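Structure first, commentary second.
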Amino acid sequence: MKTVIVVHGGAWAIPDMLAEASVAGVKNAVRAGDAVLKSGGSAIDAVEKAVRILEDDPTFDAGHGAVLNINGEVELDSIIMDGKTLATGAVASVRNIANPVSLARAVMEKTDHVMLTDRGASMFAERIGIPVADDLVTELERKDWELSNSYKVGVKTLFNTQWGHDTVGAVALDSLGNVACATSTGGIRNKMVGRVGDTPIIGSGGYADNRSGAVSCTGHGESILKVTLARLILFHMEQGKSATAAADASLQYMGERVKGCGGAIVVSSAGDWAANFTTERMAWASIKENVLHYGLNPKENFTDMLK
């Protein structure tokens, strides 16, 4: 089976000042994930690696660079899912973990549960030796938080202005034909304390099943939750649609039904992939058969040949 990996850095109105860094970040992450796959690593290893790279990049709203809630605190969410077994791990409202995707994987592999939140997730992280990180907030985010409006704004205002922000994610198909997904976020700036969006919710922020494919979603979390976007995309693929057609149909439905904007990256169990969005921009990149595809604006698809 030929390997495939796709990553995204969030669907929103990415300002020009972040455009170059956003594209560079997703290209860096997709190369790291591809290296895992090319060395014989699993899809689950590849998506974790790619998302860790994005969490460590302060350009994005996940881990380092996370946005702040209404009280000026970090609250992180993440999910990871293995399409071979449907094993899933998720964390929500985690405050001081640099790589919540790895904590989510630990929940999947070391507990009998699917999701841990807030204090319980922190206690679990401490018990298994994941270090506390106290340097997640950038100076730029602190300034933007002080300037930003309250959370009570419309979907269009939130995700089509500079005040929107970006979830990160990855999907992959490995050489054994297994798929996986991972998604991670700091949420929405000025969100209520304890607000959890789509990211850590199975079937919404992500889903992976070897029988169809894997999806990672980004955009307005409340809208994605209402339509269970990740699972909806895979439903359309199970009905025979291509990855692109399934993502387009599902995003269009979300826009029509709940007026939500967003994006998704998809890989099918046969290696068909897509990166679609209804926001102004979405940073994304993919690698299949030594060709790196990437884009930021609608209908962009640039390519680089890998050596």
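Since this is a predicted model, take the numbers as computed values, not measurements.
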Practice problem: Give a yes-or-no answer on whether the side chains of Thr3 and Ser175 include a donor-acceptor pair shorter than 3.5 Å. | Solution: no
Quiz prompt | Under 3.5 Å donor-acceptor, Ser39 side chain and Val36 backbone | solution = yes
Quiz item: So do Asp77 and Val91 actually touch side chain to side chain, heavy atoms under 4.5 Å?
Solution: no
Quiz prompt | Atom pair CD1 (Ile80) and CD1 (Ile202), whose distance is rounded to the nearest 0.5 Å | solution = 12.5 Å
Practice problem: Measure the shortest side-chain to side-chain distance between Leu173 and Met1 over non-hydrogen atoms and say whether it is less than 4.5 angstrom. | Solution: yes
Exercise. Please examine the side chains of Ser184 and Phe60, heavy atoms only from C-beta on, and report whether any two atoms are closer than 4.5 Å.
Key: no
Quiz item: For Asp209, what residues pass the side-chain contact (heavy atoms from CB on, under 4.5 Å) criterion, not counting sequence neighbours?
Solution: Leu86, Tyr207, Arg211, Ser212
Self-check item: Carboxylate-amine/guanidinium contact Glu146 Arg142, below 4.0 Å
Solution: no
What side-chain donor-acceptor pairs closer than 3.5 Å can you find for residues 95-108, not counting sequence neighbours?
from   : atom 1 : to     : atom 2 : distance (Å)
Arg95  : NE     : Asp118 : OD1    : 3.4
Arg95  : NH1    : Glu73  : OE1    : 3.1
Arg95  : NH2    : Glu75  : OE2    : 3.3
Asn99  : OD1    : Arg52  : NH2    : 3.3
Asn99  : ND2    : Glu55  : OE1    : 2.9
Asn99  : ND2    : Asp56  : OD1    : 3.2
Ser102 : OG     : Glu48  : OE2    : 2.6
Ser102 : OG     : Arg52  : NH1    : 2.8
Arg105 : NE     : Glu109 : OE2    : 2.8
Arg105 : NH1    : Asp45  : OD1    : 2.7
Arg105 : NH1    : Glu48  : OE1    : 2.8
Arg105 : NH2    : Asp45  : OD1    : 3.0
Arg105 : NH2    : Glu109 : OE2    : 3.2

Self-check item: Leu234 with Leu251, same ILVMFWY side-chain cluster at under 4.5 Å
Solution: yes
Self-check item: Residues His8 and Ser216: side-chain donor-acceptor under 3.5 angstrom
Solution: yes
Exercise. Rounded to the nearest 0.5 Å, what's the gap from CD1 on Ile233 to OG on Ser250? Could you check?
Key: 4.5 Å
Quiz item: Given the rule that I, L, V, M, F, W and Y join up when any side-chain heavy atoms are under 4.5 Å apart, are Val168 and Tyr294 in one cluster?
Solution: yes
Quiz item: Quick check: does any side chain N or O of Asn297 sit under 3.5 Å from a backbone N or O of Glu300, one acting as donor and the other as acceptor?
Solution: no
Exercise. For the residue pair Leu136 and Leu76, establish whether any side-chain heavy-atom pair is separated by less than 4.5 Å.
Key: yes
Practice problem: For the residue pair Phe124 and Lys110, establish whether any side-chain heavy-atom pair is separated by less than 4.5 Å. | Solution: yes
Ignoring hydrogens and angles, write down the donor-acceptor pairs under 3.5 Å from the side chains of residues 282-292, residues two or more places apart or on other chains.
from   : atom 1 : to     : atom 2 : distance (Å)
Lys288 : NZ     : Gly271 : O      : 3.0
Asn290 : OD1    : Lys38  : NZ     : 3.3

Exercise. May I ask you to decide if Ser42's main-chain N or O and Asp174's side chain share a donor-acceptor pair within less than 3.5 Å?
Key: no
Quiz item: Of all heavy-atom pairs between Ala180 and Ala214, which one has the smallest distance, and what is that distance?
Solution: O-CB, 3.5 Å
Self-check item: Arg231 with Glu238: basic N within carboxylate O range, under 4.0 Å
Solution: yes
Quiz item: Do Val215 and Ile265 have side chains that get closer than 4.5 Å, going by heavy atoms?
Solution: no
Quiz item: Backbone N or O of Gly262 within a donor-acceptor pair of the Thr278 side chain at under 3.5 Å?
Solution: yes
Practice problem: Kindly give the heavy-atom pair with the smallest separation between Val196 and Ala92, and that separation in Å. | Solution: CG2-CB, 3.9 Å
Practice problem: Determine yes or no for a side-chain-to-main-chain donor-acceptor pair under 3.5 angstrom, with Trp145 supplying the side chain and Asn69 the backbone. | Solution: yes
Quiz item: Once you round to the nearest 0.5 Å, how far does SG of Cys217 lie from CD1 of Ile224?
Solution: 5.5 Å
Quiz item: How many angstroms lie between atom CD of Glu20 and atom OG1 of Thr59, to the nearest 0.5 angstrom?
Solution: 10.5 Å
Quiz item: Just wondering, are more than 12 heavy atoms of other shown residues or ligands nearer than 6.0 Å to CD in Glu139?
Solution: no
Quiz item: Are the side chains of Ile5 and Leu37 in touch, meaning some heavy atoms are under 4.5 Å apart?
Solution: yes
Quiz item: What heavy-atom pair brings Pro200 and Ser78 nearest, and what distance separates the two atoms?
Solution: CB-O, 3.6 Å
Exercise. Go through the steps for Asn301 and Thr303 under the test side-chain contact (heavy atoms from CB on, under 4.5 Å), then give the verdict.
Key: CA-CA 7 Å; Asn301 188 341; Thr303 58; 4.1 Å; yes
Quiz item: Is Trp12 linked to Val23 within one hydrophobic cluster, defined over Ile, Leu, Val, Met, Phe, Trp and Tyr using a side-chain heavy-atom separation of less than 4.5 Å?
Solution: yes
Quiz item: In this structure, are over 12 heavy atoms from other groups packed under 6.0 Å from Met17 atom CE?
Solution: no
Practice problem: For Ile201 and Asp198, run side-chain contact (heavy atoms from CB on, under 4.5 Å): C-alpha distance rounded to whole Å, both residues' side-chain angles, the deciding distance at 0.1 Å, then the answer. | Solution: CA-CA 5 Å; Ile201 306 302; Asp198 67 291; 5.6 Å; no
Quiz item: Is the closest basic N to carboxylate O distance between Lys27 and Asp304 below 4.0 Å?
Solution: yes
Quiz item: If two hydrophobic side chains count as joined below 4.5 Å and joins carry through other members, does Leu296 share a cluster with Leu18?
Solution: yes
Quiz item: Leu68 and side-chain contact (heavy atoms from CB on, under 4.5 Å): which partner among Glu141, Lys191, Arg189?
Solution: Glu141
Quiz item: Arg281 and Ala19: which non-hydrogen atoms are nearest, and at how many Å?
Solution: NH1-CB, 3.9 Å
Quiz item: Hey, does the side chain of Thr88 reach the backbone of Met81 with a donor-acceptor pair shorter than 3.5 angstrom?
Solution: no
Quiz item: Is Val171 reachable from Val266 through a run of I, L, V, M, F, W or Y residues, each pair having side-chain heavy atoms under 4.5 Å apart?
Solution: no
Self-check item: Minimum heavy-atom distance Val6-Ala274, with the two atoms named
Solution: CG1-O, 4.2 Å
Quiz item: Is there a donor-acceptor pair under 3.5 Å between the side chain of Asp61 and the backbone N or O of Ile188?
Solution: no
Quiz prompt | salt bridge (Lys or Arg N to Asp or Glu O under 4.0 Å) between Glu222 and Lys226, intermediate numbers included | solution = CA-CA 6 Å; Glu222 282 73 11; Lys226 290 171 186 174; over 6 Å; no
Quiz prompt | Heavy-atom check, side chain of Cys261 versus side chain of Phe277, under 4.5 Å | solution = no
Quiz prompt | Shortest non-hydrogen separation from Val74 to Val137 and the atoms involved | solution = CG2-CG2, 3.5 Å
Quiz item: Could you state the interatomic distance from CG (Asn210) to CG (Asn178), rounded to the nearest 0.5 Å?
Solution: 4.5 Å
Quiz item: Any donor-acceptor pair under 3.5 Å linking the side chain of Asp272 with the backbone of Ala243?
Solution: yes
